[in-house]
Amino acid sequence: MTRTDDRNKTDDTGPSGYAAARLHLLTEGARSGPPRRTALAELTDDWLTGLFTAAAPSAKGISLIAVGGYGRGELSPRSDLDLLLLHDGADPAAVAALADRLWYPVWDLGISLDHSVRTPAEARKTAGEDLKVQLGLLDARHLAGDLGLTAGLRTAILADWRNQAPKRLPELQELCAERAERHGELRFLLEPDLKEARGGLRDATALRAVAASWLADAPREGLADARRRLLDARDALHLVTGRATDRLALQEQDQVAAELGLLDADTLLRQVYEAARVISYAGDVTWREVNRVLRARAVRPRLRAMLGGGKPVAERSPLAEGVVEQEGEAVLARTARPERDPVLPLRAAAAAAQAALPLSPHAVRRMAATARPLPTPWPAEAREQLITLLGSGRPTVDVWEALEAEGLISRLLPDWERVRCRPQRNAVHLWTVDRHLIETAVRASALTRRVSRPDLLLVAALLHDIGKGWPGDHSVAGEIIAKDVAARLGFDRADVAVLATLVRHHLLLVETATRRDLDDPATVRAVADAVGSESTLELLHALTEADALATGPAAWSTWRGSLVTDLVRRVAAVLAGEHPDTEPETAAPTAEQERLAIEAHRTGGPVLALRAQAEPGPPEESAETGEPLGVELLIAVPDQPGVLPALAGVLALHRLTVRTGGLRTLRLPDDVDDDGSVLLLDWRVAAEYGSLPQAARLRADLVRALDGSLDITSRLAERDAAYPRRRGRAAPPPRVTVAPAASRHATVIEVRAQDAPGLLFRIGTALEKAAVRVRSMHVSTLGANAVDAFYVTSGTGAPLPPEDATATARALEEALRA
């Protein structure tokens, strides 16, 4: 039916002509979506205009206006009509009579009507008092009568809105937050309210209002399409139910999907969730920009006075290579070149999450448009940055959303596309599959102190339900996907096997603990055979807890936790019996290490060498394709107290991050010194940002640190005071434990803590104060986590007595917590 046909059916301005045309439009099936909504609005316009003209042939000083959704020209099948009868103070009786002739025909058809009769002054006053009225009037559209009267009101309302924006926009943001609290997050609800829930149509309308204020604007990419999809779903819901409802109830989802031509209810929900995700992200970005502008306006006069009227320059402080903080966001540095730096998206995301800062949408958009894809397998830095991002706790969620908004996640992890916005029809689950995976990583980040390989825990958390995008048992499918993803991320064969085991058996512990007899030896043996090793069991235990906590409150309890812990204890005993502890053999020194040791012995001071190392790529690739894994720092120092804290402190002063590190005592050859020994330190270091210092400067500072002329503690304290630590997420507290029976020749103290400048210096200082001797050490940084093991002895070279070992661990933990 054309619009002319619609008008022909409404030549009679009575309800019957309009009702017939309306019914035909809604049931013909030739039009749907935006064309049908527009046609329904035009049909209604013509009918109401006819009613107005018949009742008021002389329309001077009075007009009929559509507001709200009807004002936008968007009428769903059961939408109410929002109308304003505007007059310039005409005879009240005449205005009331005209209103009756307009409102009653609408009521006679059973159409919901939200109506008001006001003068322009009354309309502006009411809008100033009621934010919802003002929002409706922002979409005011003239229907009939005095066009000049309508235009004057529109101009005044928009001017009022823009003039009052600093006051009204915070009110609007609070209104949106209250609504979200009441109705929840649309994209995670099994029965979402398409209008009121966060990410719904109300939020889309709020973004239009923000744009009308000229103070800020929402990201436009995909926003109109997302809004259209929600409106289409609401149209279908109205037609299926015959009611003016916005709640997509479970029992109606299949019918709504069929009305929209979709495969099934899951396809419908996924489409709705994706639309809500776009709107939610646009809202987050927009409100952040609104608040930034309002803060800037509040301080600008004072800054201008201080700077003599000049425009203040936004402060930029470095976060990572190519990433800086500016005005409360992580943005790209001016020198950043995404087209030459494929790791930059992950580095920027990790830096933002660690600093608990939002990632600038402009930066994400630029990286999405220009960054080259990562090679396969990923370089070591990319893998480390992903692990750091996953281990950053709650800030990971918002940063991940920013990457998803521009399609970067699916480019980094193609398998993510199958689980993105995928619903979980289980009342226990609070989230969609993709959000559940991120929530599991968030929960796992708080458990990293419990495991020796937090990197594997975090990646397993990200992948454990990745198989839900495929038919069949998601654990079986997930194992296959996890092997492929882990290999692409650059994990070695052993780590790939562990990750595959964790994904395949991520439900094993909780299901066995709650459904099997733990006193049956066969039960424990079956779990032990599936897990294979104590280290994998440790990881699986933490993954089980993180997965359950991320599922919802019904999935985890003290009772379930105690059952799982009991099972883990029994399985660990079986695995320990099959694999007795042995101490690894010490590798013979290389020729270069021996040369440096002899030189250090002869000179009586430290000798060091800096050498760039590359991580080799696949065999078929040239050596030039390797990714630098930092710089190898090889140091030989005559055996003496205080070497560890001295070197760690010097590296911290030069802003060098220790990626891996080893320390051991090297016996000198007999022809050099029968009783002499030298400490050999082989570390991999990298600059936090900028270039590496010269080897000569490092050596000079190390000499001063060893002879006591360089006060490292004071220097680090001064730097911390000059650059206060950014307010980021609350990291899990450090954990220091004594590894039982880990070595026959030394006591092994394990430290798991948040990696930070000066951490190793603090550890070394605490161990020196405890009067223990570090026989060897194994330091590694996995993402944002430091996982260190120190083999310590007493002054006589024997392992520490149990009580001394416990006291040393406790003292070290207290020092790190201070």
Side-chain angles (χ1 to χ4, degrees), residues 1-54 64 66-83 102 104-114 139 141 143-144 194-195 201 204 224-249 251-265 267-269 271-272 275:
M1 182 191 293
T2 65
R3 188 175 179 193
T4 302
D5 295 331
D6 294 337
R7 283 178 172 174
N8 289 338
K9 287 184 176 291
T10 58
D11 287 341
D12 173 9
T13 56
S16 59
Y18 169 73
R22 178 188 175 95
L23 179 62
H24 182 76
L25 176 63
L26 295 179
T27 58
E28 64 174 342
R31 280 180 284 187
S32 62
R36 182 171 61 196
R37 287 190 290 275
T38 300
L40 183 56
E42 291 175 345
L43 180 68
T44 305
D45 289 354
D46 291 343
W47 176 50
L48 292 173
T49 299
L51 292 175
F52 184 93
T53 303
L64 183 63
V67 298
Y70 182 29
R72 293 188 293 275
E74 298 171 339
L75 277 184
S76 291
R78 293 290 173 174
S79 290
D80 58 355
L81 300 181
D82 292 337
L83 294 170
L102 294 172
Y104 276 99
V106 177
W107 288 328
D108 288 343
L109 288 180
I111 298 174
S112 297
L113 176 66
D114 187 354
D139 292 309
R141 181 170 59 87
L143 294 178
L194 300 174
K195 186 175 184 179
L201 293 169
D225 184 64
R227 189 166 170 274
R228 177 190 62 77
R229 287 180 180 273
L230 292 186
L231 287 169
D232 289 351
R234 186 174 70 168
D235 286 2
L237 181 62
H238 285 188
L239 291 174
V240 164
T241 62
R243 304 191 313 274
T245 179
D246 298 309
R247 183 169 295 281
L248 194 55
Q251 66 270 20
E252 289 145 3
Q253 290 174 8
D254 283 318
Q255 292 175 277
V256 171
E259 179 71 27
L260 291 171
L262 300 176
L263 179 64
D264 54 24
T267 306
L268 167 66
L269 275 187
Q271 196 172 94
V272 166

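As the structure is a prediction and not an experimental result, all values here were calculated from the model. All values below come from the heavy atoms of this structure, side chains included, with hydrogens, waters and symmetry mates left out.
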Is the closest side-chain heavy-atom distance between Leu83 and Leu143 below 4.5 Å?
yes

(request) Give the intermediate values and the outcome of side-chain contact (heavy atoms from CB on, under 4.5 Å) for residues Asp45 and Tyr70. (result) CA-CA 9 Å; Asp45 289 354; Tyr70 182 29; 2.5 Å; yes

CG (Leu268) and CD (Gln255) are apart, to the nearest 0.5 Å, by 12.0 Å

When every non-hydrogen atom of Asp232 is compared with those of Pro34, the smallest separation belongs to OD1-CD, 3.9 Å

### Query
Does Asp46 reach the side chain of Tyr18, with side-chain heavy atoms less than 4.5 Å apart?
no

Open item on the list: What I'd like to find out is whether the side chain of Leu109 reaches to under 4.5 Å of the side chain of Trp47, using heavy atoms alone.
Closed with: yes

Residue pairs passing the side chain to side chain donor-acceptor pair (under 3.5 Å) test with at least one member in residues 233-242, sequence neighbours excluded, are Arg37-Asp235, Ser76-Arg234, Ser76-Asp235

Validation row: Leu40, Arg22 side chains within 4.5 angstrom (heavy atoms): yes

Scanning both residues in full, the closest heavy-atom pair of Gly68 with Asp139 reads O-CB, 3.7 Å

Looking only at heavy atoms, the pair that brings Asp80 and Leu75 closest together is O-CD2, 4.1 Å

Check your understanding: When you look at Leu231 and Leu201, which way does the side-chain contact (heavy atoms from CB on, under 4.5 Å) test go after all the steps?
Key -> CA-CA 8 Å; Leu231 287 169; Leu201 293 169; 3.9 Å; yes

Sorted by chain and residue number, the side-chain contact (heavy atoms from CB on, under 4.5 Å) partners of Thr267 (sequence neighbours excluded) come out as Leu262, Leu263, Asp264

Looking only at heavy atoms, the pair that brings Gly73 and Ala41 closest together is O-CB, 3.6 Å

The salt bridge (Lys or Arg N to Asp or Glu O under 4.0 Å) partner of Glu74 among Arg141, Arg227, Arg228 is Arg227

To the nearest 0.5 Å, atom CD of Glu259 lies from atom CG of Asp254 at 13.5 Å

Residue set satisfying side-chain contact (heavy atoms from CB on, under 4.5 Å) with Ala258, at least two apart, ordered chain then number -> none

Minimal heavy-atom distance between Ala233 and Val256, with the atoms involved, is O-CG1, 4.1 Å

For residues Leu269 and Leu248, determine if any side-chain heavy atom of one lies less than 4.5 Å from a side-chain heavy atom of the other. yes

Applying side-chain contact (heavy atoms from CB on, under 4.5 Å) to Thr53 and not counting sequence neighbours gives Thr49

The side chain to side chain donor-acceptor pair (under 3.5 Å) partners of Arg36 (sequence neighbours excluded) come to none

Sequence neighbours excluded, the answer for side-chain contact (heavy atoms from CB on, under 4.5 Å) partners of Leu23 is Thr27

Output for pair (Arg78 CZ, Leu239 CG), nearest 0.5 Å, gives 8.5 Å

Here the pair of heavy atoms bringing Glu252 nearest to Arg243 is OE2-NH2, 3.7 Å

